[in-house]
Protein chains: 2
Amino acid sequence: MTADKGILGRYARVLDAVAESPDGLAFAEIARKTGLPQGTAHRLIGALLRVGYINASQNRRIYVLGHRLLRLLHLRTPRELVAELARPVLKSLVERFAETAFVAKLEGDEVESIAMVLPEFERHSYVQPGRVMPLHAAASAKAIFAFQDKEFLGQALQRPLVTFTPKSITSKKKVLAELAQVRKAGYAACLDELDPGVSSYACPIPVPGGIFYSVGLVGVSQRLEQYSTATLVAALREAANALGERLSGRAATR
Amino acid sequence: MTADKGILGRYARVLDAVAESPDGLAFAEIARKTGLPQGTAHRLIGALLRVGYINASQNRRIYVLGHRLLRLLHLRTPRELVAELARPVLKSLVERFAETAFVAKLEGDEVESIAMVLPEFERHSYVQPGRVMPLHAAASAKAIFAFQDKEFLGQALQRPLVTFTPKSITSKKKVLAELAQVRKAGYAACLDELDPGVSSYACPIPVPGGIFYSVGLVGVSQRLEQYSTATLVAALREAANALGERLSGRAATR
DNA sequence: GAATAAAGTTCCGTGTTTCGGAAGTCGGCA
DNA sequence: TGCCGACTTCCGAAACACGGAACTTTATTC
């Protein structure tokens with residue numbers, strides 16, 4: 001189209017070109033596909049890189065969609081799509097540990113539980129799908145918020161930190177310290193912080209663009225204690241990696 | 001953050017704000033969340049509207065992500081996510097018609113078959129998942145390309161129109177006419193155009209932002225003829241609507 | 001239903017940024 | 001070493017973004 005709708009129109013054309021090529025595009029191909037002069041294309045690509053709308057992969061020569069756009073995409077991915085894909089992985093966790101397994105997702109600026117499989121004998125569940133997991137008192141939420149940027153986190157921390165149990169962490173400073181710890185360890189735990197006598201463990205699910213999902217186990221604290229933390233975390237991490245590959249289309253279709 | 005990375009940084013902040021609010025944002029909320037002066041916010045929103053990165057919903061007062069971004073989202077949605085969700089719907093089509101049912105997806109600038117369920121007695125399939133469906137000789141591809149914009153279509157039509165059978169349409173003009181017809185009728189048919197003696201029908205799957213998927217039936221022409229076109233199309237349309245709702249997160253979780 | 005507040009829109013002089021052609025640099029290859 | 005294509009930088013002219021303030025429209029209150 002000759003009708004370039006302002007400056008944004010040209011940026012949009014570059015993004016369209018990049019998105020339409022599943023394996024990314026080299027600089028010259030972008031200039032050709034969009035019909036932009038090389039100098040101009042170069043400048044636009046530089047700006048897009050700086051805001052994170054495209055990323056340079058490999059030897060810095062192939063451009064693909066960037067983390068900032070992938071973030072929007074995951075925020076808008078319907079819960080059901082992810083839930084459907086996660087079910088088999090959750091089932092195998094349940095079989096192994098006989099505890100409730102679940103997946104949580106970043107929705108807007110909150111973390112929600114979106115899929116759950118519970119052991120057969122269990123009478124009730126601790127995380128109904130759709131339940132909002134509080135940032136300071138749920139392993140699943142910690143595992144996701146620990147990997148968000150400061151600005152976003154600061155906004156989320158505006159919400160009051162409700163005291164659910166005597167063990168709940170209710171100071172912003174302590175929450176931030178906890179999240180830093182989660183980031184370092186690669187997993188989150190919540191022992192009696194949300195419901196008394198109930199504990200949970202969760203790992204972030206790595207997908208290109210950032211962390212938007214987590215996979216976890218919940219159960220009566222006493223029963224969970226029979227497994228070592230290392231065992232639980234190793235299993236969750238494995239599950240998280242498997243889910244990450246499925247969510248980004250790199251999985252061997254089972 | 002005070003560090004605005006150029007003009008794109010401010011647009012990005014608006015988009016982030018909109019994406020983080022699942023139900024959309026009013027003008028004033030955008031200005032507040034991004035910290036932009038009202039006049040400025042208004043101008044940026046206008047530009048974003050013009051390129052289709054945001055849409056005004058309802059009484060033109062609530063802004064949500066626009067079709068141009070949703071398009072990127074769907075282009076990048078892994079095949080497996082969609083395939084998993086589509087399976088039950090495909091199964092019920094197969095049960096009813098005893099013919100192969102499948103879903104196709106726009107990948108880059110090509111249409112690919114991504115999920116398929118075939119009747120038990122069938123010995124081989126006509127559309128392996130992963131097969132690229134030619135724009136001019138496959139119902140599934142026609143059903144998708146018919147709803148793409150002219151620019152994109154023109155680009156796709158650069159590719160040579162292979163003659164698969166005597167019935168294949170091989171002139172650009174006729175292909176365009178056929179696509180216009182598909183757009184009007186709301187479904188596409190291919191009678192012996194790709195493989196001799198094999199026919200297919202397909203309907204576009206409506207999701208917010210445009211058409212990126214189609215659902216179809218394939219089979220030996222003679223066998224398919226026992227159903228009236230109206231019957232086939234009605235069933236496909238129903239399936240397409242069901243899939244559309246699931247894909248956009250509006251479905252009643254079965 | 002009038003008064004008032006809130007939400008949304010337009011204007012415009014100032015000043016920064018974009019524009020793209022052309023010239024320059026890099027890196028692989030014979 | 002010298003060539004070629006891919007990529008990057010430069011720069012003056014022109015265009016556009018900037019945001020405060022004034023204005024219109026819509027919602028709320030009494």
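The figures here come from the full heavy-atom set of this structure, side chains too, leaving out hydrogens, waters and symmetry mates. Residue numbering restarts at 1 for every chain, and letters A, B, ... go by the order of the sequence lines.
Contact between the side-chain N/O atoms of B:T40 and the OP1/OP2 oxygens of D:dC18 is not found at any separation under 4.0 Å. At the phosphate of C:dT17, neither OP1 nor OP2 sits under 4.0 Å from any side-chain N or O atom of A:R43. OP1 or OP2 of D:dT8 has at least one side-chain nitrogen or oxygen of A:H42 nearer than 4.0 Å. An OP1 or OP2 oxygen of C:dG20 is reached within less than 4.0 angstrom by a side-chain nitrogen or oxygen of A:R10.
At whole-Å resolution of the value, CZ in B:R32 and P in C:dA6 are 15 Å apart. Atom CD1 in B:I45 sits about 15 Å away from atom P in D:dA17, given to the nearest Å. To the nearest angstrom, C1' of D:dA17 lies 13 Å from CG of B:L8. The OH-C1' distance, from A:Y11 to D:dA17, rounds to 12 Å in whole Å. Straight-line distance from the CD1 atom of A:I7 to the P atom of C:dG20: 11 Å, rounded to whole Å. Between the P atom of D:dC7 and the CG atom of A:L25 lies a distance of 11 Å, rounded to the nearest Å. Rounded to whole Å, the distance from CZ on B:F27 to C1' on C:dG8 is 6 Å. Taking atom CD of residue B:Q38 and atom P of nucleotide D:dT26, one finds them 16 Å apart after rounding to whole Å.
Residues B:E84 and A:R246 are not paired through a salt bridge, judged by the lack of any N-O separation under 4.0 Å between the basic side chain and the carboxylate. Using a cutoff of 4.0 Å between basic side-chain nitrogens and carboxylate oxygens, A:E193 and A:K142 are scored as salt-bridged.
Residues A:L44 and B:A28 each lie close to DNA chain C; by heavy-atom proximity, the contact nearer the 5' end of the strand is made by B:A28.
No side-chain heavy atom of B:F145 sits under 4.5 Å from any side-chain heavy atom of B:L157.
Cation-pi contact between A:R71 and A:F152: present, with separation from the ring centre below 6.0 Å and deviation from the ring axis of at most 45°.
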